[in-house]
Amino acid sequence: MPIHTVLGPIAAADLGPTSMHEHLLSDLRIWAKPPKELPPEGVPMGPELMAYLRWNFLSVPENIVLHDADVAAQELSHVRSAGGSGVLELTLDGMGRRLSELPEISRRSGVHVMVGAGFYVEDTMAVDVKTASIDALTERLLGELTDGIGDTGIRPALLGEIGTSWPVTDAEWRSVRAAARAGAETGAAVYTHQSFRGKGGTSVLDAILEEGMSADRVIIGHLDEFWDPGYHREIARAGAVLAYDTFGSDFSYGSPKLRNPTDAERLDMVEWLLSEGYASQLVIAQDVWAQANLRRNGGNGYDHLFRRIGPSIAEIAGDPATVDQILIHTPRRLLERP
């Protein structure tokens, strides 16, 4: 079966190294926070603002909007020169999704772009989604998987990022179960967003499996933001895929206690997971969602995963085949509809 991209279906063999969680055009100002430290006056978005943003990532609302399609195409083009082939774009309704602009970004960058379908955390949900039954949400997702999203004709490659907060809300539980039912019926994989505030992945996985999904079609996202070997081992032993998907970000959300891990810490997690024998159950990504992530502003850019992280994992593993498994074969398996 093919993999559905924003430019139409491609054979799985045509998809090379792939980042499994990115955003190209998005608006997540819902997460903006009042500054504890005022931003420097007269400093525009760019490299000179990076020192402030490293400690106050959410205090400049402009930072958490990716609004320019031309910039997106230019930034994404670096993926090709770094040896990358594709990105999975997981922006959904309520997150500033601009689906109709993604085909042109894909054409101009030369990068395969796949998208997800579903519903993010409750704070981003429309009223009709918050109040809908599991059956109603399931029917909506089945329609998008079969006929495309809205009037774009673009068919999602999987369901995600299916958002959950900590604790998970009732509306989010309905969304999770609807995605699981749609995934079980169609074979589409389900990619979940987990909060860094708690260990919600195990209960979310349990709910998805209760609805008939196969564990090897479930991706538990953002696990690198809550490092607990026992927690990660439990998810891996259940047969699900673990996503260490925030490489390239090293920011504080207004407090040293609310920070991203460093890439060194993430690579330690990868080394541990490989030592446990779960190389075939790992996907990686960067979850670029802010101006501070972009190369033009002093960030690492979309190519960081392919230019630096992949080779670093190869060095850890001592085997290039391990990186091919993580960046090529597992993404192909998850994005291809069985």
Side-chain angles (χ1 to χ4, degrees), residues 19 21-79 87-102 104-105 108-109 111 113 115-116 120-126 161 163 165 193 195-197 222 225 245-263 285-305:
S19 174
H21 186 157
E22 302 299 345
H23 302 278
L24 298 174
L25 296 172
S26 60
D27 185 343
L28 284 162
R29 284 176 288 183
I30 59 161
W31 301 132
K33 304 291 184 185
K36 293 183 177 179
E37 172 194 353
L38 291 176
E41 291 186 14
V43 178
M45 184 60 63
E48 291 184 6
L49 196 60
M50 186 60 68
Y52 175 81
L53 292 175
R54 287 199 184 283
W55 282 85
N56 304 275
F57 192 78
L58 302 177
S59 296
V60 178
E62 178 192 356
N63 181 46
I64 44 183
V65 183
L66 297 175
H67 63 279
D68 192 318
D70 291 334
V71 168
Q74 181 183 26
E75 291 274 335
L76 193 61
S77 68
H78 295 291
V79 165
V87 299
L88 178 62
E89 217 278 5
L90 292 180
T91 308
L92 300 174
D93 286 343
M95 302 169 70
R97 178 163 69 173
R98 288 155 54 184
L99 198 60
S100 63
E101 296 174 67
L102 297 183
E104 184 61 21
I105 292 173
R108 291 175 58 187
S109 65
V111 175
V113 176
V115 300
Y120 191 47
V121 297
E122 183 171 354
D123 285 346
T124 68
M125 292 179 184
E161 56 180 309
S165 308
H193 160 99
S195 170
F196 64 84
R197 298 179 185 275
H222 301 329
E225 292 192 309
D245 53 7
T246 64
F247 277 98
S249 290
D250 182 5
F251 300 101
S252 293
Y253 299 139
S255 164
K257 295 181 179 179
L258 297 176
R259 69 170 180 88
N260 297 128
T262 66
D263 277 358
Q286 294 175 214
D287 191 13
V288 168
W289 66 292
Q291 294 290 323
N293 295 126
L294 303 182
R295 285 169 55 120
R296 64 190 278 121
N297 295 322
N300 285 305
Y302 296 100
D303 56 309
H304 175 64
L305 196 75

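What you are looking at is a predicted structure, and each value in this text was computed from that prediction instead of being measured.
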Task: For the student: nearest non-hydrogen atoms of Ser109 and Leu76, plus distance - done: OG-CD2, 3.4 Å
Task: Flag side-chain contact, heavy atom, 4.5 Å: Leu66 against Asn293 - done: no
- [ ] Say whether, by atom type as modelled, one donor and one acceptor occur between the side chain of Asp27 and the main chain of Arg29 under 3.5 angstrom.
- [x] yes
TODO: Please tell me if the side chains of Trp55 and Arg259 come closer than 4.5 Å, counting only heavy atoms from C-beta onward.
DONE: no
Open item on the list: Any side-chain to backbone donor/acceptor pair from Asp250 onto Arg54? Under 3.5 Å, distance only.
Closed with: no
Open item on the list: Under the criterion ring-ring contact (aromatic ring centres under 6.0 Å, His included), I'd like the reasoning laid out for His21 against His222: C-alpha separation, chi angles, the key distance, then a yes or no.
Closed with: CA-CA 10 Å; His21 186 157; His222 301 329; 5.2 Å; yes
Task: Under 3.5 Å donor-acceptor, Asn297 side chain and Ala292 backbone - done: no
Task: Value rounded to 0.5 Å, distance of CG in Asp93 from CG in Leu99 - done: 9.0 Å
Task: Sub-4.5 Å side-chain heavy-atom contact between Arg98 and His67 - done: yes
Open item on the list: Is any side-chain heavy atom of Val60 closer than 4.5 Å to one of Leu53?
Closed with: yes
Task: Close side-chain approach of Asp303 and Arg295, heavy atoms under 4.5 Å - done: yes
Open item on the list: Any side-chain to backbone donor/acceptor pair from Glu22 onto Leu88? Under 3.5 Å, distance only.
Closed with: no
Open item on the list: Are Leu25 and Thr91 packed together at the side-chain level, in the sense that at least one heavy-atom pair is separated by less than 4.5 angstrom?
Closed with: no
Open item on the list: With a 4.5 Å cut-off on side-chain heavy atoms, are Glu101 and Leu24 touching?
Closed with: no
Task: Inter-residue atom distance Met45.CE - Met50.CE, 0.5 Å rounding - done: 8.5 Å
Task: His23: which of Glu161, Gln286, Glu89 passes side chain to side chain donor-acceptor pair (under 3.5 Å) - done: Glu161
Task: Which atom of Ala32 lies closest to which atom of Ile64, heavy atoms considered - done: N-CD1, 3.7 Å
Open item on the list: Is there a side-chain contact between Tyr302 and Leu294 in this structure, where contact means two heavy atoms from C-beta onward sitting under 4.5 Å apart?
Closed with: yes
TODO: Check step by step if side chain to side chain contact (heavy atoms under 4.5 Å, CB included) holds for Lys33 and Asn56.
DONE: CA-CA 9 Å; Lys33 304 291 184 185; Asn56 304 275; over 6 Å; no
Task: Gap separating the CD atom of Glu225 from the OG atom of Ser195, nearest 0.5 angstrom - done: 8.5 Å
Task: Chi angles and distances behind the side chain to side chain contact (heavy atoms under 4.5 Å, CB included) call for Leu258, Arg197 - done: CA-CA 9 Å; Leu258 297 176; Arg197 298 179 185 275; 4.2 Å; yes
TODO: Please name the pair of heavy atoms, one in Leu305 and one in Ser19, separated by the smallest distance, quoted to 0.1 Å.
DONE: CD2-CB, 3.6 Å
Task: Evaluation steps, side chain to side chain donor-acceptor pair (under 3.5 Å), between Asn260 and Tyr253 - done: CA-CA 8 Å; Asn260 297 128; Tyr253 299 139; 3.2 Å; yes
TODO: Return the orientation label for the Tyr120 and Trp31 ring planes: parallel under 30°, perpendicular over 60°, tilted otherwise.
DONE: perpendicular
Task: CG on Leu58 to NZ on Lys36, rounded to 0.5 Å - done: 11.0 Å
Open item on the list: If you compare all heavy atoms of Asp263 against all heavy atoms of His304, which two are closest, and at what distance to 0.1 Å?
Closed with: OD2-NE2, 2.7 Å
Task: Nearest heavy atoms of Pro35 and Ser59, plus distance in Å - done: CA-OG, 3.5 Å
Task: Rounded distance (nearest 0.5 Å) linking atom CG of Leu49 with atom CD of Gln291 - done: 10.5 Å
TODO: Calculate, to the nearest 0.5 Å, the distance between atoms OG1 and CZ belonging to Thr262 and Phe251 respectively.
DONE: 12.5 Å
